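Basis for what follows: all heavy atoms, side chains included, without hydrogens, waters or symmetry-related copies. In this text, all values refer to a predicted model and were calculated from it rather than measured experimentally. Position 1 is the first residue of the sequence; numbering continues from there.
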Amino acid sequence: MWSAILSPDFFAAILRTATPILFATLAAGVAAKAGITNMALEGIMLFSALFGVFFSSMTHSAFWGLLITVAIGAFIGLFLAFFVLNLKTDEILAAIAINLAATGGTVLLLVAFSGDRGVSSSIKSVSAPNITIPFIEKIPFIGQVLSGQNILSWLSLLAVVVMHLFLYKTPLGLSIRSVGENKDAAESVGINSRKVQYIALAISGALAAFGGFYLSGGYMNMFTKDMSGGRGFIALAASSMGGNTPIGGFLVSLLFGMAQALANIMQLKAVMPYELILMVPYLATLIGLGVYYYAQKKKKERLSGK
């Protein structure tokens with residue numbers, strides 16, 4: 001067990017399992033910065049996983065499949081924004097509706113278009129390629145961890161840098177943070193808060209779509225029923241624990257990725273009943289949130305004491 005945990009394969013698995021969580025964490029973060037909790041991440045990822053299989057098969061290209069899927073993810077984000085901002089629907093209820101629609105709708109669409117039930121076994125989709133880095137792959141241990149990762153794993157790391165620069169170094173990023181912190185103050189200086197929140201949710205939906213596409217076109221090469229597996233909700237926890245910042249979310253996503261990778265090893269080693277092993281990532285989420293909010297509570301008590 002310990003030899004498996006200390007092996008380079010385990011650390012490579014952390015990056016693989018953290019990739020969809022990281023994309024969704026960035027999606028949750030940019031929405032939170034605009035003052036909206038995007039709880040529809042689970043549904044967006046599930047829809048994107050299915051559409052990724054459909055469109056990569058139809059276009060015979062992972063690139064075009066990803067591009068169309070990301071566009072659909074952005075559209076779902078705009079759809080959520082319309083209900084929340086224009087129709088004044090409760091953002092939690094609207095997100096739950098999208099998640100429920102994804103749970104049943106993906107199965108319905110899969111049956112309608114392919115006849116498959118639960119698994120897209122008859123659809124020949126195209127997966128995103130793995131990247132072998134010539135110089136890094138020769139470095140002991142590190143080369144085995146980094147080289148051979150899927151291109152979307154590298155894009156997720158790049159997305160952390162891009163989103164950090166976007167939120168903290170661009171006028172639009174400043175507007176998003178201003179609206180999230182104080183909408184009235186932002187509008188008083190001429191910022192269109194509704195437009196900014198629409199943009200933020202479109203970006204959030206697109207980022208979540210990257211994570212969904214990775215599930216069926218990177219981590220696996222097919223769609224399976226409910227394959228998002230709660231990662232959208234885990235991402236909400238990761239984003240909150242990371243202060244809704246790209247770098248903080250990245251670090252917490254690695255922790256949850258480690259929990260998932262550990263659960264995979266425990267399944268192979270059969271160290272405990274299968275049902276208990278499946279609980280490991282979700283227990284890690286609950287424990288992490290408990291520790292985080294306890295620390296936040298103590299911090300507030302110390303500040304109020306002063």
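Here Lys225 contributes atom NZ and Asp116 contributes atom CG; the two are 14.0 Å apart, rounded to the nearest 0.5 Å. In this structure, Ser204 OG and Leu26 CG are separated by 9.5 Å, a value rounded to the nearest 0.5 Å. Distance check, rounded to the nearest 0.5 Å: OG1 of Thr25 to CZ of Phe256 gives 8.0 Å. Note that CE of Met220 and OG of Ser120 are 8.0 Å apart. Values are rounded to the nearest 0.5 Å.
Contact detail for Ala102 and Leu46: the closest heavy-atom pair is O-CD2, 3.6 Å. In terms of heavy-atom proximity, Ala209 sits nearest to Ile44 at N-CG2, 4.2 Å.
Within 6.0 Å of CG in Leu172 there are more than 12 heavy atoms belonging to other residues, nucleotides or ligands.
Checked by atom type, the side-chain pair Ser57/Ser125 shows no donor-acceptor distance below 3.5 Å.
Between the side chain of Gln149 and the backbone N or O of Ile131 there is no donor-acceptor pair closer than 3.5 Å. In this structure a side-chain-to-backbone donor-acceptor pair under 3.5 Å is missing from Glu91 to Val84. A donor-acceptor pair under 3.5 Å is formed between the side chain of Arg231 and the backbone N or O of Ser228. Not a single donor-acceptor pair under 3.5 Å links the side chain of Asn38 to the backbone N or O of Ala28.
Ring geometry for Phe210 against Phe23 counts as parallel: the plane angle stays under 30°, on a 0 to 90° scale with 60° as the upper cut. Relative orientation of the His164 and Tyr168 rings is tilted, given thresholds of 30° and 60° on the angle between their planes.
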